[in-house]
Every structure is written in C-alpha cells, then in structure tokens.
Asker: 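Please read through the structure below; I'll follow up with questions.
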Amino acid sequence: ENEENEKSVMSILQAMGVSFFLILITMVLLLGSFRQAFMVLAVIPLATAGVFINFTLFGIPLSFPALIGVLALFGIVVNNALMLMDKINQNVREGFPLYEGVADACASRIEPIFLSSLTGILGLLPITIADPFWRGLGGAIIAGLSFSGILVLFFIPSIYVEFLGKEMEKKHAKK
C-alpha cells in the first residue's frame, strides 16, 4: 500500500512538472516574453503556500486528492495573474505612464479576479464539506484561491514594476 501511495505521489509530482512546463510555454507564446511568463508563474508558489498554511492550520492531511487539487490550482491562479498582466501590457501599449497603467489594470481586474475566485470557492464548498474523500481536493483549491486571489493584485504589479518598470518607462519616453 505504501508503495502504491508513493507511485501515486510521484506520478502527480511529475504531472505538476509537466503542467508547469506546458503553462510556461503557453505563457511565453501569449505574452511574447520569458520574463513576463515567469512573473505570471511566480504566483504558483503563493497559491501552494496558501494550501500548506491552511492545511496546517485546520489539520487537513495532504492526500492524493489534495495533490490533484494543487495541480488544478496551477491553472486557475495562472489565469488570474494572466488577466492582470495582460491588462497592464495593454495599458502600457496604449501609452499610459507606467504607474498609472499598473494602477488602472489593478482597479479594472479586481472584480473579475475576485468574482472568478469566489465562484470557484463557492462551487467547491458543497463537495468539500459533504465528502471527506474530496475534502483534500476542494480544500486545496479553496485554500489556494483564498490566499492567492488577493495577493496576486499586489504581487504581479510589484514584480512588473520592479523587473520591467525601467524598460517600459524608456519605451514610453521614446514615444
């Protein structure tokens, strides 16, 4: 039984690695930048930290379904970060000054990010509460969305300004 559990955990960890790589490729193609792709992917550890913090606080064991939930969480939090990154890029292309473009992007994306996170959380609550087998899966997604949903609105703009701010200001000054 331990051997089977170990195989299952190893297969899900391999799937996480493959999904991370596939998401990276997709982000590079969508954003046209490795740096921006890595910035978007940087929200995955935030969401994963939220899972581990909440599981520890509430005494929820890290089960195989919970690991599947963490894997599903990757795509959800990346989507939220991508919505924000795309809006920042759009604002910069339209000629907004850097800080104004970032602030506008955060203001215009707070509602969609909040509501998409909230609908995911509310949709998973019944199965998480009702069935102990699926508590890990639902709990992982709920914990990760709760933790990263708010932080993404601070994290993405901060690292965008830090790593791309000077470059974007130079482009804006040339126009």
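Because the structure is predicted, anything quoted here is derived from the model rather than measured.
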Asker: How far does OG of S146 sit from CG of N54, to the nearest 0.5 angstrom?
Answerer: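 S146 atom OG to N54 atom CG measures 6.5 Å (nearest 0.5 Å).
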Asker: Side-chain heavy atoms under 4.5 angstrom apart, residues restricted to Ile, Leu, Val, Met, Phe, Trp, Tyr: same cluster for Y99 and I156?
Answerer: yes
Asker: Using the side chain to side chain contact (heavy atoms under 4.5 Å, CB included) rule, pick out the option among V78, V152, L31 that qualifies with M85.
Answerer: L31
Asker: Any non-hydrogen side-chain atom of F155 less than 4.5 Å from a side-chain atom of M39?
Answerer: no
Asker: How far does CD1 of I113 sit from CG of L82, to the nearest 0.5 angstrom?
Answerer: 10.0 Å
Asker: Report the residues that fulfil side chain to side chain contact (heavy atoms under 4.5 Å, CB included) with L62, sequence neighbours left out, ordered by chain and then residue number.
Answerer: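 Counting only residues at least two positions away or on another chain, L62 forms a side chain to side chain contact (heavy atoms under 4.5 Å, CB included) with F52, F55, A66, L67.
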Asker: Looking at L145 and L73, what are the two nearest heavy atoms and their distance?
Answerer: N-CD1, 3.8 Å
Asker: So how far is it from F147 CZ to T48 OG1, rounded to the nearest 0.5 Å?
Answerer: 10.5 Å
Asker: Please report the interatomic distance OG(S8) to CD(E3), rounded to the nearest 0.5 Å.
Answerer: 11.0 Å
Asker: Within a radius of less than 6.0 Å around CG of L151, do more than 12 heavy atoms belonging to other residues, nucleotides or ligands occur?
Answerer: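 Atom CG in L151 is crowded, with more than 12 foreign heavy atoms closer than 6.0 Å.
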Asker: At what distance, to the nearest 0.5 angstrom, does CG of L164 lie from CD1 of I88?
Answerer: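 L164 CG to I88 CD1: 9.5 Å, rounded to 0.5 Å.
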Asker: Hey, what do you get for CG (N79) to CG (L84), rounding to the nearest 0.5 Å?
Answerer: 11.5 Å
Asker: Find out if a path of hydrophobic residues (ILVMFWY) with successive side-chain heavy-atom gaps under 4.5 Å connects I25 to I44.
Answerer: no
Asker: Taking all non-hydrogen atoms of both residues into account, name the closest pair between G136 and S63 and its distance.
Answerer: CA-OG, 4.1 Å
Asker: Consider only side-chain heavy atoms of I, L, V, M, F, W and Y, link residues closer than 4.5 Å, and tell whether M10 and F21 are in one cluster.
Answerer: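 As far as the 4.5 Å side-chain criterion goes, F21 and M10 are not connected within one cluster.
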Asker: Taking side chain to side chain contact (heavy atoms under 4.5 Å, CB included) as the test, write out the residues that go with V28, two or more places apart.
Answerer: L24, F34, A37
Asker: Identify the heavy atoms of M83 and R109 that sit nearest to each other, and give their distance.
Answerer: O-NE, 3.5 Å
Asker: Which is it for K87 and D104 under the side-chain contact (heavy atoms from CB on, under 4.5 Å) test, yes or no, and what are the steps along the way?
Answerer: CA-CA 9 Å; K87 181 61 176 171; D104 177 74; 3.6 Å; yes
Asker: When hydrophobic residues are tied together by side-chain contacts of less than 4.5 Å, even through go-betweens, does L30 share a cluster with L22?
Answerer: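 Different hydrophobic clusters.
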Asker: Looking at every non-hydrogen atom in both residues, tell me the closest pair between I141 and A72 and how far apart they are.
Answerer: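 Closest approach of I141 to A72: CD1-CB, 3.9 Å.
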Asker: Counting only heavy atoms from other residues, nucleotides and ligands, does the tally under 6.0 Å from CD1 of I110 exceed 12?
Answerer: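 No, CD1 of I110 has 12 or fewer neighbouring heavy atoms, counting only those of other groups under 6.0 Å.
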Asker: Is R93 close to N89 at the side-chain level, that is, under 4.5 Å between some pair of heavy atoms?
Answerer: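 Yes - at least one pair of side-chain heavy atoms lies under 4.5 Å apart.
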Asker: So do V161 and V102 actually touch side chain to side chain, heavy atoms under 4.5 Å?
Answerer: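 Sidechains of V161 and V102: in contact.
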Asker: Would you say the side chain of N91 lies within less than 4.5 Å of the side chain of E100, judging by non-hydrogen atoms?
Answerer: no
Asker: List the residues meeting side chain to side chain contact (heavy atoms under 4.5 Å, CB included) with S19, not counting sequence neighbours, and say none if there are none.
Answerer: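 S19: side chain to side chain contact (heavy atoms under 4.5 Å, CB included) contacts with L71, F74.
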Asker: Mind checking whether F154 and F163 sit in one hydrophobic cluster, side chains of I, L, V, M, F, W, Y counted as touching below 4.5 Å?
Answerer: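 Different clusters: F154 never reaches F163 through Ile, Leu, Val, Met, Phe, Trp or Tyr contacts under 4.5 Å.
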